[in-house]
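Heavy atoms only: backbone and side chains are in, while hydrogens, waters and symmetry mates are out.
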Amino acid sequence: MGELRGTHVPVLLERCLELLAPALGRPGRTVHVDATLGLAGHAEAVLSAHPDTVLIGLDRDTEALAHARVRLARFADRIHLEHAVYDELPEVLDRLGYPAIDGVLFDLGVSSLQLDAPDRGFAYAQDAPLDMRMDQTRGVTAEEVVNTYSHPDLARLLRVYGEEKFAGKVASAIIRERERARITSSARLAELVRDAIPAPARRTGGHPAKRTFQALRIEVNRELAALETALPAALDKLTVGGRMVVLSYHSLEDRLTKQALADRVRSKGPVDLPVELPGSGPTFRLLSRGAELPGEAEVAANPRAASVRLRAAERLDPEEARQGRTDRERYRRRVKAMHQPGTGSPGSGEDPRSAPGDANGTDEEGEGT
């Protein structure tokens, strides 16, 4: 396996442990899935904090799995490390015999190992073959993408996945270059992108090739397609009281996460009914308002945390959620009635500030940051 390549500082580690603790610290055996195991920094901390927790670690990168296996060797009797992409989670759980899980963590994006290994082709600052596959045993490479995709397809993926404003210019530069010679080097591609972007735009926003390399990495590894499938599947596998934490590093990942959670925390029943219909209520509650951002100390200690966005949710007991919503609706109706003619003043009834449920009367409030 050789020496570990790259340095690994787990992002928002203490906050992740805090959010997962109520689910994993329950009596008896609990099951936690690290859907993006990487170099196992988060996984090691979870196993250390929860001696009765079984870990299922997934990663598509065989080199990362090898290093994680060494790092977690002292927990060998309660770990399962699987060579799989996170959208394969249901199949992995079926194969291992776990019908449900108590916690799941997604730490998305490219890992420290992949960024720091010069031969993997992820970094625009280092010259390497244009690979960018997280799983080097299968799939197309970035070299194949840049040398075979049409101009419209290249421009589309740069614009959508990289949010590159000059996608058309970059795609044109790639097409012109590959007509002369095949593009095989990450350094050559970075140079082409830099030259294609107007000089004023190159002076801000970091390296001009950053967005192009991000777009190619997402395309090569089908990251967003896999995530769109994986998030609902993971939520479906959580037990009542189980929790999911997602760390995203760009707006596309965060948007998919937000949408997946929003679908579970809202009632699907008619809004004018006095009671929640069975099966129509929210099945999850958010554990924070919006996306949590890293603090200054976190970014100073680990610059790669600068772009992280954290979202988390907990699975609700359907009956308790329905009863809670019914109680709140009854309370709102009583308060409304107190303002009608002949029913007395607001001061003659219950204190409207003491509504059951959360402080602001919304099912989508979280635990705070």
Side-chain angles (χ1 to χ4, degrees), residues 8-25 32-46 48-50 53 86 101-112 115 163 206 214 218 223-224 227-228 230-232 234-235 238 241-266 282-316 321 357-369:
H8 177 56
V9 181
V11 174
L12 292 177
L13 177 60
E14 294 305 319
R15 182 57 174 151
C16 290
L17 291 175
E18 178 186 11
L19 288 165
L20 291 167
L24 301 181
H32 174 62
V33 171
D34 192 319
T36 49
L37 184 64
L39 295 178
H42 288 100
E44 181 180 36
V46 165
S48 298
H50 301 286
T53 293
Y86 36 68
I101 59 177
D102 301 283
V104 59
L105 171 70
F106 287 83
D107 185 8
L108 302 171
V110 64
S111 73
S112 298
L115 279 175
E163 299 175 295
Q214 172 183 294
I218 291 172
E223 291 178 44
L224 296 181
L227 184 62
E228 192 170 15
L231 290 173
L235 291 169
L238 283 171
R243 293 184 166 202
M244 180 169 81
V245 178
V246 182
L247 303 176
S248 304
Y249 295 87
H250 59 75
S251 62
L252 300 173
E253 294 172 341
D254 185 53
R255 190 177 306 141
L256 285 178
T257 303
K258 181 180 179 181
Q259 290 169 350
L261 295 180
D263 185 55
R264 307 298 180 104
V265 300
R266 294 174 182 157
T283 54
F284 280 80
R285 73 179 183 101
L286 301 180
L287 299 177
S288 63
R289 271 187 167 183
E292 292 188 22
L293 309 180
E296 292 181 3
E298 173 89 15
V299 175
N302 184 12
R304 286 177 180 167
S307 61
V308 73
R309 301 291 182 270
L310 181 150
R311 294 184 188 270
E314 178 184 59
R315 190 178 195 98
L316 298 172
D358 60 71
N360 295 309
T362 171
D363 295 326
E364 298 187 25
E365 292 294 323
E367 294 182 351
T369 58

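Rounding to the nearest 0.5 angstrom, the gap separating the CZ atom in R315 from the CE atom in M244 is 11.0 Å. Between L231 atom CG and D263 atom CG the span is 11.5 Å, to the nearest 0.5 Å. Atoms CZ and CG, from F106 and L247 in turn, are 11.0 Å apart once rounded to the nearest 0.5 Å. To the nearest 0.5 angstrom, R311 atom CZ is 12.5 Å from L287 atom CG. For the atom pair R264 CZ and L235 CG, the distance stands at 5.0 Å (nearest 0.5 Å). Distance check, rounded to the nearest 0.5 Å: OG1 of T36 to OH of Y86 gives 7.5 Å.
E223 is not listed as a side-chain neighbour of L108, based on a closest heavy-atom distance of 4.5 Å or more. Looking at H250 and S307, their side chains never come closer than 4.5 Å, going by heavy atoms from C-beta outward. When side chains are defined from C-beta on, L19 counts as touching L310, because their heavy atoms get closer than 4.5 Å. Side-chain contact between L224 and E253 is present, with at least one heavy-atom pair separated by less than 4.5 Å. Between H42 and P10 the shortest side-chain heavy-atom distance falls below 4.5 Å.
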Quiz item: Could you go step by step and tell me if I101 and H32 meet the side chain to side chain contact (heavy atoms under 4.5 Å, CB included) rule?
Solution: CA-CA 6 Å; I101 59 177; H32 174 62; over 6 Å; no
Exercise. Could you please spell out the steps behind the side-chain hydrogen bond (donor to acceptor under 3.5 Å, both in side chains) verdict for Y249 and D107?
Key: CA-CA 9 Å; Y249 295 87; D107 185 8; 2.6 Å; yes
Quiz item: L105 and V33: side chain to side chain contact (heavy atoms under 4.5 Å, CB included), yes or no, with the steps?
Solution: CA-CA 6 Å; L105 171 70; V33 171; over 6 Å; no
Quiz item: Are V104 and L238 close enough, and set up right, to give a side chain to side chain contact (heavy atoms under 4.5 Å, CB included), and what steps lead you there?
Solution: CA-CA 8 Å; V104 59; L238 283 171; 4.3 Å; yes
Practice problem: Take V11 and C16, measure what side chain to side chain contact (heavy atoms under 4.5 Å, CB included) needs, and give me the verdict at the end. | Solution: CA-CA 9 Å; V11 174; C16 290; over 6 Å; no
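With sequence neighbours excluded, the residues that form a side chain to side chain contact (heavy atoms under 4.5 Å, CB included) with Q259 are R255, L256. Every residue two or more places apart in sequence or in another chain was checked for a side chain to side chain donor-acceptor pair (under 3.5 Å) with E298, and none qualifies.
Listed for the D102 side chain is no donor-acceptor partner under 3.5 Å among the backbone atoms of A23. Proximity of a side-chain donor or acceptor of S288 to a complementary backbone N or O of G290 within less than 3.5 Å is detected.
Taking every heavy atom of both residues into account, V9 and N302 meet most closely at O-ND2, 3.0 Å. The minimum heavy-atom distance linking A305 with P294 is given by the pair O-CG, 3.2 Å. Across all their heavy atoms, L37 and A43 have their closest contact at CD1-CB, 3.6 Å.
Open room surrounds CD on E228; 12 or fewer heavy atoms of other groups in view lie less than 6.0 Å from it.
Between R309 and the choices D254, T257, L12, the side chain to side chain contact (heavy atoms under 4.5 Å, CB included) rule is met once, by D254.
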